[in-house]
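Worksheet: one structure, shown below.
Just so we're clear, the structure is a prediction, and the values are computed from it rather than from any experiment. Throughout, a chain's letter reflects where its sequence line sits, starting with A, and its residues are numbered from 1.
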Protein chains: 2
Amino acid sequence: MGHAEASVGGERSGTARAQSGVSSSSLRRQNLSSILTMIHMSGPASRSEIGAATGLARSSVAGLVGELETVGFLRQTRAVPDGRPGRPSPVVDVQPESAVLAFEVEVDSLAVAVVGLGGRVLSQRRADRAHDGGSVDQTFRDLGRLANECQSEADHARILAAGVAIAGLVDHRSGRVVSAPNLGWEGLDLGTEVGSACGFDGHIAVRNEGELALRAESVRGAAQGCRDVVYLSAKVGVGGGILSNGHFIVGRAGLGGEVGHLPVNPDGVRCNCGALGCFETEVGERTLLARAGLDPNGGRGETAKLVARASDGDDQALEAFATSGRWLGLGIVALAHTFNPEKVVLGGLYRSGFAYVVEPINEVLAERSFPTLDGLSIVPSDLGDAAPLLGAAELAFDHVLADPMGFASSD
Amino acid sequence: MGHAEASVGGERSGTARAQSGVSSSSLRRQNLSSILTMIHMSGPASRSEIGAATGLARSSVAGLVGELETVGFLRQTRAVPDGRPGRPSPVVDVQPESAVLAFEVEVDSLAVAVVGLGGRVLSQRRADRAHDGGSVDQTFRDLGRLANECQSEADHARILAAGVAIAGLVDHRSGRVVSAPNLGWEGLDLGTEVGSACGFDGHIAVRNEGELALRAESVRGAAQGCRDVVYLSAKVGVGGGILSNGHFIVGRAGLGGEVGHLPVNPDGVRCNCGALGCFETEVGERTLLARAGLDPNGGRGETAKLVARASDGDDQALEAFATSGRWLGLGIVALAHTFNPEKVVLGGLYRSGFAYVVEPINEVLAERSFPTLDGLSIVPSDLGDAAPLLGAAELAFDHVLADPMGFASSD
DNA sequence: AGAGGTTTGTAGCACACATGAACAAATATT
DNA sequence: AATATTTGTTCATGTGTGCTACAAACCTCT
């Protein structure tokens with residue numbers, strides 16, 4: 001529950017004070033937010049359940065739900081007897097027509113989706129992206145086209161906000177891409193560009209795909225209900241996201257959770273970041289393929305082959321996974337000591353190869369008996385490749401959920 | 001500046017729902033908390049400044065400040081003309097008689113202080129602790145005695161809450177010491193023990209000294225006003241604390257920020273945690289002394305000698321610091337990639353030797369040009385050895401500041 | 001020295017919101 | 001069919017903040 005971060009904390013910076021004083025209106029905003037967030041995250045609930053969960057009085061819940069229904073976020077279905085005594089309570093559910101636009105910019109693909117409240121995907125499109133990337137303009141034209149197709153398919157949806165996942169570093173205070181080496185982008189105002197590409201003029205939030213994949217996993221995936229989670233995903237690069245006590249680690253310039261360049265092996269290979277033995281060089285796709293005797297730059301085809309070989313019991317493939325698993329374990333140890341998480345979720349390459357890395361990882365953990373590692377479980381990603389896109393949707397929803405009436409329709 | 005964390009988030013766990021609904025009374029609690037927190041953190045302010053900072057109306061501020069004055073937290077001094085036009089606003093300041101008890105349990109010393117609102121130290125006592133530790137009972141007898149002396153000296157103080165800093169791992173949900181190897185403690189219910197030792201039956205919070213030192217630095221020290229800070233302190237062990245977006249990293253069981261056992265050197269020395277090349281073994285006191293050709297177990301005397309030699313330009317001492325500095329830099333890189341902090345504050349050994357490690361650290365950072373490292377500044381601790389004790393006081397104040405009326409006096 | 005402008009404190013009223021009690025409605029149980 | 005239980009609805013109530021006058025205290029300009 002509850003990582004609808006207070007928008008105040010994240011947005012303001014510098015001189016402007018916190019404006020920490022609250023008045024009656026923010027009280028109602030908070031209660032509307034609580035109820036809508038609860039239904040969005042946990043699914044339909046009866047009005048009495050809402051009351052129990054929030055601690056609000058019956059009459060208050062009625063008023064709040066009624067308002068959220070009027071503006072198109074919730075709907076109430078007729079009460080159905082459930083076998084228990086007492087008058088049945090109407091069931092409250094989302095109106096999935098209230099939706100957001102989600103974008104994903106990967107190295108080799110682009111994706112757009114319209115996602116309704118409650119997390120239902122109303123429409124979705126994915127397109128390949130040329131490996132050389134093509135021009136930046138071409139990318140935005142493609143995104144705009146995909147967005148139009150998605151909106152046509154989900155033509156009854158009302159778009160409230162938008163979120164963008166990108167394989168690169170984002171200063172999310174400004175929405176600017178600080179650096180996306182694998183895309184060849186730098187200093188791009190991605191939010192604005194995406195907005196004009198698809199003709200959406202509402203709020204567009206931009207984040208790193210690692211954080212967004214974790215967002216998705218923590219709302220509807222492998223880390224559901226967890227407040228302390230580390231997410232690691234290896235493709236060409238190694239990305240990640242961190243949820244600590246229900247808050248996403250963002251950092252001063254929004255560059256937190258960049259675990260790809262953790263130094264794990266001072267004697268390792270030189271990374272293009274200038275250092276030796278980065279996490280990325282030890283456990284990334286290229287190194288893994290090279291260890292298995294496959295083409296390091298082979299991309300999806302080669303990784304599929306690698307997984308197939310491991311599944312067939314090929315020793316070299318299994319050993320390659322095991323070696324990566326041990327380095328992965330070392331990185332996990334570092335992260336576990338700093339965050340003391342409940343779970344580590346593995347995505348990308350190590351989701352497909354989860355069976356072949358989980359034991360080496362657990363061996364590394366077992367070698368070190370330290371309280372921060374107690375009860376730590378390593379699990380594979382639940383949502384897989386869909387995670388960043390779904391996370392972008394959840395990011396967009398965060399703004400809506402934090403202040404529903406700010407996005408209310410007039411009808 | 002707002003790391004009076006909402007007590008709700010930290011305390012509840014498991015099945016009990018968030019009770020996210022809020023009512024008028026919590027509204028007032030929040031506003032009282034905002035004002036008191038502001039004065040406690042930032043010092044005296046005029047009533048109109050309070051209004052500007054919180055966004056509350058003049059009449060609301062008057063009522064809130066009046067209530068906080070009645071119950072003994074604030075006081076208003078007569079308005080003084082300041083040269084600007086308009087009626088002068090009364091200056092609001094804390095009543096330092098409202099105070100907390102702060103405890104510190106170090107390997108070689110014990111300390112107690114009475115600290116008033118606003119951070120004024122009203123009384124303070126420190127005593128050596130036998131290196132073998134003596135019996136646990138003896139430690140608590142000593143703490144009780146020091147506490148009594150402190151309370152006698154500050155006899156007009158009204159103790160509201162207490163905080164304990166300990167050189168060990170604490171599950172702060174329960175207040176239990178999970179493991180304090182350097183003290184030889186395990187599974188001790190420290191909060192309860194300290195309470196009965198000094199006859200205080202209010203709320204006693206217990207945390208690791210690293211987090212608490214950072215708390216102090218972030219409120220009144222080298223990291224004042226920063227929302228993203230990493231604190232590293234090396235003594236015998238290496239401890240630390242992390243503040244990310246204004247929230248202290250605590251982890252699932254409260255064991256977050258345990259940076260001492262970050263793996264930095266797979267070819268390093270074996271650590272008593274079972275691993276090779278922990279941060280602690282590479283940059284801790286013993287290794288540093290050994291590198292300088294001094295007695296690794298010499299304690300304070302030897303470290304003082306080391307600093308003196310470095311100050312005299314002794315090559316071996318300087319080289320020892322430089323080597324540690326490079327490993328320190330590597331650890332800082334790891335932490336900076338994950339947190340993207342604004343500052344890294346160095347305490348303990350590397351505060352005294354700051355001048356001799358800062359350059360090697362910055363060289364390591366410079367070798368890696370990565371956006372997460374941009375603008376990162378390495379600074380020495382401001383509060384030094386006093387930090388953990390002052391941080392324990394701030395921890396205790398957190399509870400008071402979050403709900404002032406819950407600690408109100410009747411007079 | 002006095003008038004006018006500016007900022008702030010104070011008091012009273014208005015407004016927004018959540019609450020709780022009382023009653024009605026819908027279901028299960030006996 | 002009667003009773004118990006749970007919930008929706010309505011309305012009066014209480015709490016808390018905001019706003020508008022008006023008074024007080026200060027500065028500046030003439």
Given that A:Ala79 and A:Ser60 both sit by DNA chain C, which one's nearest nucleotide is further toward the 5' end?
A:Ser60
Has A:Asp201 got more than 12 heavy atoms of other residues, nucleotides or ligands less than 6.0 Å from its CG?
no
Look at the side-chain N and O atoms of A:Arg47 and state whether any lies under 4.0 Å from the OP1 or OP2 oxygen of D:dG8.
yes
Distance, rounded to the nearest Å, where B:Leu64 contributes CG and D:dG18 contributes P:
9 Å
Let me know the distance between CD of B:Gln76 and P of C:dT8, rounded to the nearest Å.
15 Å
From D:dC26, C:dT8, C:dT19, pick the nucleotide closest to the side chain of B:Pro90?
C:dT8
Determine the contact category for A:Gly83: base if any of its heavy atoms lies under 4.0 Å from a base atom, sugar-phosphate if only primed atoms, P, OP1 or OP2 are that close, otherwise nothing.
sugar-phosphate
Students often get this wrong, so: under 4.0 angstrom with heavy atoms, is B:Asp82 touching a base, only sugar-phosphate, or nothing?
nothing
Nearest-Å distance for atom pair CD/C1', residues A:Gln30 and C:dA16:
16 Å
Would you tell me whether A:Gln95 and A:Arg158 have side-chain atoms, one donor and one acceptor, within less than 3.5 Å of each other?
no
How long is the line joining CZ of B:Arg78 and C1' of C:dT8, in whole Å?
15 Å
What does A:Arg28 touch in the nucleic acid at a heavy-atom separation under 4.0 angstrom: a base, only the sugar-phosphate, or nothing?
sugar-phosphate
Walk me through whether B:Asp398 and B:Arg215 qualify under salt bridge (Lys or Arg N to Asp or Glu O under 4.0 Å).
CA-CA 10 Å; B:Asp398 253 21; B:Arg215 262 190 139 87; 2.4 Å; yes
Which one, D:dT7, C:dG20, C:dT6, comes nearest to the side chain of A:Ser59?
C:dG20
OP1 or OP2 of D:dG8 under 4.0 Å from side-chain N/O of A:Ser89:
yes
Rounded to whole Å, CG of B:Asn31 lies from C1' of C:dC17 at a distance of 15 Å
Between C:dT19 atom C1' and A:Leu56 atom CG, what is the distance in whole Å?
10 Å
Between the base of D:dG18 and the side chain of A:Ser24, is one N or O donor paired with an acceptor at under 3.5 angstrom?
no
Determine whether the side chains of B:Ser26 and B:Gln30 contain a donor N or O and an acceptor N or O closer than 3.5 Å.
no
The side chain of B:Pro85 lies closest to which of these nucleotides: C:dG5, C:dT27, C:dA18?
C:dG5
Heavy-atom donor-acceptor pair, A:Ser25 side-chain to C:dC17 base, under 3.5 Å
no
Interatomic distance, A:Glu69 CD vs D:dG8 C1' [rounded to whole Å]
14 Å
Rounded to the nearest angstrom, tell me the gap between atom CZ in B:Arg87 and atom C1' in C:dT6.
13 Å
Would you mind telling me which residue lines up with the more 5' stretch of DNA chain D, B:Pro88 or B:Arg58, judged by nearest nucleotide?
B:Arg58
Is there a donor in the side chain of B:His40 and an acceptor in the side chain of B:Glu394, or the other way round, less than 3.5 Å apart?
yes
